[in-house]
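For reference, the structure is listed below as structure tokens.
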Protein chains: 2
Amino acid sequence: MDDAHTVIWNRPERAAKGPAPSRTRAEITAAAIAIADAEGIDALSMRRVAKELGTGTASLYRYLASKDDLLDLMLDAVAAEDGGPPAPTGDWRGDLRTLAYRSRATIHRHPWMTSLAAGRPSLGPNSLDATEHALAALDPLGFDIDVMITVVDTLHAFVRGYAIGELAQQEAVRRSGVGNQEWMDAHAPYLDKVVKAGRHPLLARVIRDAELPHAADSAERGFELGLERLLDGWEANLPVRP
Amino acid sequence: MDDAHTVIWNRPERAAKGPAPSRTRAEITAAAIAIADAEGIDALSMRRVAKELGTGTASLYRYLASKDDLLDLMLDAVAAEDGGPPAPTGDWRGDLRTLAYRSRATIHRHPWMTSLAAGRPSLGPNSLDATEHALAALDPLGFDIDVMITVVDTLHAFVRGYAIGELAQQEAVRRSGVGNQEWMDAHAPYLDKVVKAGRHPLLARVIRDAELPHAADSAERGFELGLERLLDGWEANLPVRP
DNA sequence: CATTACTGCGAACACTGTACCCGAGTAGAG
DNA sequence: CTCTACTCGGGTACAGTGTTCGCAGTAATG
């Protein structure tokens, strides 16, 4: 069995013999990302990609073994799009913060990422680069290598999880085709009923008294607050330098 | 326009007139969850659910407006399955920890949750219950209501994001149909190449020296570590009690 | 220059979600 | 008790999906 090609990153772009391919994997990936960005992940079909590229649908399967491979390529392409992560500055808090904000911004630019990452670990070269740089920011702290992994994992988990929560709202609005105001109007009577039922006193307090949910930058501020507490947690557990 | 029924939770189970429906929404939801648990989210189709229930496919649309509605119902049903969250004990760290572990366990029992939650805010009654209880655990701490929201959000974000990372691996294995060992074998030569290339010294150190990734309970320990740091972060920022 | 190994791609297959329509059956009104 | 209005179940159909097959054409190799 030809094991070498079962992993997309190991497949050669061009064959040894035969005519030159008229398209590249990068071209196909870019077209797919453009579609997903503009019309959502549900609009991304092989036929749609082919149409965008002015080619036959079946031709795509000369470059990709499956649609899943295309999704892998999309995830990795996105990981590289802003020229790779910045170099460590020595200020580990700032570095991690920057990393987190950039990661969140990337997800916002490509909302479909969140639904994709759910069933797909990314081992693409650009994703590996990103992990390397996150580790580099932590390196001077003197953490155990195992602890460093958990720090990076936790940071990623928080960013991913938080961004998913943010986008779930937006996606629901987009999917149902109604505007944000109409969506809130549609749910308001239901939430009112919940509050009036009295079995959720704290939720009622949230709906009545909380200011953050109504703020224009509520997601921004919630993200900042969560992130800073996370950093605080590590700062309180720095290893003793020898 | 009939706004009241545009939200699934407001739709009456039974119509005012006419014959009694032979199935319930709960029955359909349970069948769908069983399929998704056993065969993965990709195997969940309306025809498959209908077959499981011994009914016609089109009949399902008497109970649900769309497949998306079914997915919403599934998410909310899962939120209720272990009899609701436990009551606050006064030990806020313990309470939040319990909540986090239960949430993670639920996701592990139903891996498809992660791919669904990506595009769907959960406003079902059971999901609201869960939020209420999380807020209750925090109530005695004297946090501002807005801060309480961010704490709950951040905790959820971490748990969701971390569990997604865990399941991505498992899902990839399940999807490709090969065992965990075969999967690692298939990727090993590629990772070796990366290490040998020398441009990822810290990743190389991880692959060579780290013990955690090879431990049987690596995910468990990583989760615990991340969670404790998160709790540390809040503990370091408790409000001054008057 | 024949051979070989590739490329592009139309057509087809087995699926999917769901709209439409029908006969059958039931509940409330008179 | 009859009538009528409405709901239920479900067969059929449609548009769309990912993917495979087979064939014609092309570029490099020996």
Distance in angstrom units between [X] [atom1] and [N] [atom2], rounded:
{"X": "Met46(A)", "N": "dG8(C)", "atom1": "CE", "atom2": "C1'", "value": "14 Å"}
{"X": "Leu70(A)", "N": "dG18(D)", "atom1": "CG", "atom2": "C1'", "value": "12 Å"}
{"X": "Arg62(B)", "N": "dG11(D)", "atom1": "CZ", "atom2": "C1'", "value": "13 Å"}
{"X": "Ile35(B)", "N": "dG17(C)", "atom1": "CD1", "atom2": "P", "value": "11 Å"}
{"X": "Leu60(A)", "N": "dT17(D)", "atom1": "CG", "atom2": "C1'", "value": "14 Å"}
{"X": "Tyr61(B)", "N": "dG10(D)", "atom1": "OH", "atom2": "C1'", "value": "13 Å"}
{"X": "Leu71(A)", "N": "dT17(D)", "atom1": "CG", "atom2": "C1'", "value": "14 Å"}
{"X": "Asp68(B)", "N": "dG17(C)", "atom1": "CG", "atom2": "C1'", "value": "10 Å"}

Taking only residues two or more places apart in sequence, or in another chain, which ones meet Arg109(B) in a salt bridge (charged side-chain N to carboxylate O under 4.0 Å, His left out)? Glu81(B), Asp82(B)
Salt bridge flag under 4.0 Å for residues Arg104(B) and Glu166(B): yes
Salt bridge or not for Arg47(B) and Glu52(B), using N-O below 4.0 Å? no
Among [options], find the nucleotide with the atom closest to the side chain of [X].
{"X": "Arg23(A)", "options": "dT18(C), dG18(D), dC9(C)", "value": "dC9(C)"}
{"X": "Ser45(B)", "options": "dT7(C), dT16(C), dT18(C)", "value": "dT16(C)"}
{"X": "Ser59(B)", "options": "dT7(C), dG9(D), dG17(C)", "value": "dG9(D)"}
{"X": "Ser66(B)", "options": "dT18(C), dG10(C), dG10(D)", "value": "dT18(C)"}
{"X": "Ala58(B)", "options": "dG8(C), dC20(C), dT18(C)", "value": "dC20(C)"}

Residues in side chain to side chain contact (heavy atoms under 4.5 Å, CB included) with Thr154(B), at least two apart? Phe158(A), Leu230(B), Trp234(B)
When rounded to the nearest 0.5 angstrom, what is the spacing between CG in Asp42(A) and OG in Ser115(A)? 8.0 Å
I'd like to know whether NE2 of His156(A) has more than 12 heavy-atom contacts from other residues, nucleotides or ligands below 6.0 angstrom. no
Any Tyr63(B) side-chain nitrogen or oxygen under 4.0 Å from OP1 or OP2 of dG9(D): yes
Any side-chain donor near an acceptor of the partner, Trp112(B) and Asp37(B), under 3.5 Å: yes
Of Ala65(A) and Ala43(A), the one whose closest nucleotide on DNA chain D sits nearer the 5' end is Ala43(A)
Under a 4.0 Å heavy-atom cut-off, which of residues 47-57 of chain A touch DNA chain C? Arg47(A), Thr55(A), Gly56(A)
So what does Leu44(B) touch, heavy atoms closer than 4.0 Å: a base, only the sugar-phosphate, or nothing? sugar-phosphate
